[in-house]
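Please read the structure below before turning to the comments.
These numbers were taken from a predicted model, which means no experiment stands behind them. Residue numbers start from 1 in every chain, and the chains themselves are labelled A, B, ... in the order their sequence lines are given, proteins ahead of strands.
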Protein chains: 2
Amino acid sequence: MSFDLDRIDRNILNILQKDSRISNQDLAERIGLSPPACLRRVRRLRESGVIVAEVALINPRMVGRYINIIVEVEMVRDQLDIYDAFKRKMDAAPEVTQCYQVTGEVDFLLMLLVEDMESYEAFTRKYLATDANLAKFRTLISLRRDKFSTAVPL
Amino acid sequence: MSFDLDRIDRNILNILQKDSRISNQDLAERIGLSPPACLRRVRRLRESGVIVAEVALINPRMVGRYINIIVEVEMVRDQLDIYDAFKRKMDAAPEVTQCYQVTGEVDFLLMLLVEDMESYEAFTRKYLATDANLAKFRTLISLRRDKFSTAVPL
DNA sequence: CACTAAAATGAAATTTAATTTCGTTAATGA
DNA sequence: TCATTAACGAAATTAAATTTCATTTTAGTG
């Protein structure tokens, strides 16, 4: 389930977490290894599941999607099957970009990305207001994503 | 500030948001263009700022970082300079992976990724409990990140 | 401390992909 | 309809990824 990283692996990950488009040759030079040795390490990190994916990040504002909505959800009862069913629904909802099960009064925290408030209205009707296992939810609106880093600090 | 995407651009973005490691040749084939034409479009998306970055996503659990902390922060007064100063601090804090300015009772929502609760304690002392402009904060703990997608729905 | 086995490395060769060039086609607007 | 611009694709070129294999380093053991 976990993986031992040495100094070089950490170095590689820190670079790839910022820019995975770097050529293997440049990466090799920056970490002080030959290209084949570097490539083998990167491969191992991919195959072992440390690197889950390499993706393009796009600016939501450039494509007309820029309202962030945070939703705190409280279920009627703390039951495993109720939780699992809710998670599955959130997983299928394209507006939901993040879903966290949390401890305390609140049960889930959702992060959504929507075009406008009308889209959010539609979402609440489809997924929240009609869920019999959902007790209440609170909405926080954000027009400013001041920081968004996908990098895990190492 | 925004950018007109046609059907092909959207198609490209949807693929690259899931997997930016795909070769230009394969991408070209999937969208039905020649490699040079495909490459030109991808370049344009990069240069125009639609594609902000291409990064490796790593599994926090594989590297010993797996507590997600959500913090709701309320400032003493709704003043621009107070907000800006706080944002700058959060930007500099490596534990903070996301920061959203929100409307309503709460002023900011933070997402942190920490090794253990002790690290979070240290964070609150350094950044929150000692900030004179901060009125109160509420902490939500999550051991389960059930969904985490960086893709903007298009 | 020396010896062995396993793991990691790098130079060179090979394969594969990215990128450029340039003539052609399609879209846009007067 | 015609002129202009933008986008396209085939072929050639350049650059990078990947494989091969001999060597070095590391880790464990008598």
- Task: Could you work out the complete set of other residues in the hydrophobic cluster of B:L109, with links drawn between I, L, V, M, F, W and Y side chains under 4.5 Å apart?
- Result: A:I70, A:Y100, A:V102, A:V106, A:L109, A:M111, A:L140, A:F148, B:I70, B:Y100, B:V102, B:V106, B:M111, B:L140, B:F148

- Could you state the atom-to-atom distance from CD of A:E29 to P of D:dA17 in whole Å? 13 Å

- Item | Distance in angstrom units between A:D4 CG and C:dA8 P, rounded | 12 Å

- Item | Spacing between B:E54 atom CD and C:dA18 atom P, to the nearest angstrom | 12 Å

- Item | From A:I69, A:T139, A:T97, residue fulfilling side chain to side chain contact (heavy atoms under 4.5 Å, CB included) relative to A:L112 | A:I69

- Hey, is CZ on B:F137 packed in by over 12 heavy atoms from elsewhere, all under 6.0 Å? yes

- Item | Sub-4.0 Å heavy-atom contacts from residues 33-48 of chain B onto DNA chain D, ordered by number | B:L33, B:S34, B:P36, B:A37, B:R40, B:R41

- Task: Rounded off to whole Å, could you give me the CG-to-P distance for the A:L27 and C:dG10 pair?
- Result: 13 Å

- Take the protein atom CG of A:D26 and the nucleotide atom P of D:dA17, then report the distance between them rounded to whole Å. 8 Å

- Item | Euclidean distance, atom CD1 of residue A:I31 to atom P of C:dA8 [Å, nearest integer] | 14 Å

- Query: Out of curiosity, does A:I67 fall in the hydrophobic cluster containing A:M62 (side-chain heavy atoms, cut-off under 4.5 Å, transitive links)?
  - Reply: no

- More 5' along DNA chain D: B:I8 or B:R21, using each one's nearest nucleotide? B:I8

- With no hydrogens and no angle check, is any side-chain donor or acceptor of B:R10 less than 3.5 Å from a backbone partner on B:L154? no

- Applying side chain to side chain contact (heavy atoms under 4.5 Å, CB included), run through B:I15 and B:L27 and close with a yes or a no. CA-CA 8 Å; B:I15 293 170; B:L27 181 60; 3.7 Å; yes

- Take atom CD1 of A:I22 and atom C1' of D:dA17, then tell me their distance rounded to the nearest Å. 14 Å

- Query: Expressed in angstrom and rounded to an integer, what is the separation of A:L5 atom CG from C:dA8 atom P?
  - Reply: 13 Å

